[in-house]
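In this text, all values refer to a predicted model and were calculated from it rather than measured experimentally.
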Amino acid sequence: VDVAGVNAGYAHSLALMKDGTVRAWGENRWGEVGDGTTTARPAPVPVAGVRNAVAVAAGSYVSAALLADGTVMTWGNRFHGALGRTPGSDNQADPTPALVPGVRGVRGIVAGGSHVLALTEGGAVVSWGQPDFGALGRGDGVAWAPAPVPRLAGVQSMAADGETSFAVLASGRIMTWGGDVRPW
């Protein structure tokens with residue numbers, strides 16, 4: 001009734017409420033619901049500590065909220081640093097939302113499988129998470145630490161799915177990187 005927007009991940013969903021809070025529901029195996037537990041939630045529950053949110057993004061087992069002050073909070077599976085605040089390659093639940101260090105001035109967020117993209121006010125894209133298949137667009141090997149995608153400016157909008165990332169430039173040009181190109 002008071003929902004401003006929704007976003008769906010692999011096995012969970014997020015609802016941005018008009019009052020700036022977030023509700024979530026789903027499998028919650030890795031804490032992607034953000035209620036401080038890993039208990040499955042078949043009905044929406046409040047996401048702990050998220051206030052003044054203006055956008056939400058859900059990946060495979062990671063969740064993110066963009067706050068009105070341009071900062072980003074994440075929660076869920078820490079696999080390959082998908083939360084942008086802790087290194088590591090093991091699956092580990094982090095069900096309590098926390099700020100992504102050093103990420104400021106953001107006006108949009110999207111989540112792929114295990115990576116997150118943040119669009120800055122200046123039109124740059126900051127990425128973090130699983131670097132497989134080039135989804136971060138950086139090739140730097142320090143995936144868990146958020147960093148700008150090089151040689152990418154004037155971005156108006158972006159999208160992510162699986163291990164693929166997209167950006168639309170002010171010129172109308174579409175840029176894409178990453179993607180699982182392995183033969184099945």
Side-chain angles (χ1 to χ4, degrees), residues 1-101 103-104 106-119 126-130 132 135-136 143-144 146 157-166 178 180:
V1 210
D2 291 322
V3 176
V6 295
N7 201 265
Y10 175 73
H12 74 292
S13 299
L14 303 174
L16 172 64
M17 307 307 287
K18 289 180 182 175
D19 67 0
T21 61
V22 177
R23 294 189 182 259
W25 61 99
E27 182 181 276
N28 205 25
R29 179 180 181 180
W30 301 106
E32 61 271 27
V33 168
D35 66 348
T37 76
T38 56
T39 302
R41 302 295 183 188
V45 296
V47 174
V50 177
R51 304 284 180 268
N52 300 314
V54 296
V56 291
S60 287
Y61 297 105
V62 62
S63 299
L66 170 60
L67 306 184
D69 66 0
T71 60
V72 176
M73 295 181 83
T74 57
W75 60 96
N77 193 340
R78 292 175 22 170
F79 185 66
H80 285 292
L83 303 183
R85 48 192 166 85
T86 51
S89 60
D90 295 333
N91 285 320
Q92 186 174 2
D94 196 340
T96 304
L99 287 171
V100 179
V103 176
R104 293 177 176 76
V106 174
R107 64 178 165 114
I109 55 172
V110 296
S114 295
H115 72 290
V116 177
L117 305 177
L119 177 59
V126 175
S127 65
W128 63 86
Q130 187 172 4
D132 293 356
L136 302 182
W144 61 269
S157 64
M158 55 185 190
D161 184 46
E163 302 307 328
T164 306
S165 302
F166 306 87
D180 185 353

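- Annotation: salt bridge (Lys or Arg N to Asp or Glu O under 4.0 Å) contacts involving residues 5-14, sequence neighbours excluded, are absent.
- Looking only at side-chain heavy atoms (C-beta outward), Met73 and Val47 stay at 4.5 Å or farther from each other.
- A distance of 8.5 Å separates CG of Asn91 from NE2 of His80, quoted to the nearest 0.5 Å.
- Taking every heavy atom of both residues into account, Ala15 and Trp25 meet most closely at CB-CZ3, 3.8 Å.
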Listing, residues 57-67 side-chain donor-acceptor contacts under 3.5 Å, not counting sequence neighbours, or none:
unit_1: Ser60; atom_1: OG; unit_2: Gly113; atom_2: O; d: 3.4
unit_1: Ser63; atom_1: OG; unit_2: His12; atom_2: NE2; d: 2.8
unit_1: Ser63; atom_1: OG; unit_2: Glu32; atom_2: O; d: 2.7

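- Of all the heavy atoms in Ala24 and Leu14, the pair that sits closest is CB-CD2, 3.6 Å.
- For the side-chain contact (heavy atoms from CB on, under 4.5 Å) with Ile109, the qualifying choice from Val72, Leu119, Val54 is Val72, the only one to do so.
- A donor-acceptor pair is defined here as one N or O able to donate and one able to accept, closer than 3.5 Å; no such pair exists between the side chain of Asp161 and the backbone of Gly112.
- Asn28 contributes a side-chain N or O that, together with a main-chain N or O of Thr37, makes up a donor-acceptor pair within less than 3.5 Å.
- For the pair Ala48 and Pro97, the tightest heavy-atom approach, listed with the atom from each and the gap, is O-CG, 3.2 Å.
- The distance from the CG atom of Leu16 to the CG atom of Asp2 is 11.5 Å, given to the nearest 0.5 Å.
- The distance from atom OG1 of Thr74 to atom CG of Leu99, rounded to the nearest 0.5 Å, is 8.5 Å.
- For the salt bridge (Lys or Arg N to Asp or Glu O under 4.0 Å) condition, the pairs that include at least one residue of residues 38-49, sequence neighbours left out, are Asp35-Arg41.
- Residues Thr38 and Arg29 have side chains not in contact (no heavy-atom distance under 4.5 Å, counting atoms from C-beta outward).
- A heavy-atom distance below 4.5 Å is not found between the side chains of Arg23 and Val45.
- Contact between Val100 and Gly84 at its shortest, heavy atoms only, is CG1-O, 3.4 Å.
- Of the possible donor and acceptor atoms, none in the side chain of Trp128 sits under 3.5 Å from a partner among the backbone N and O of His115.
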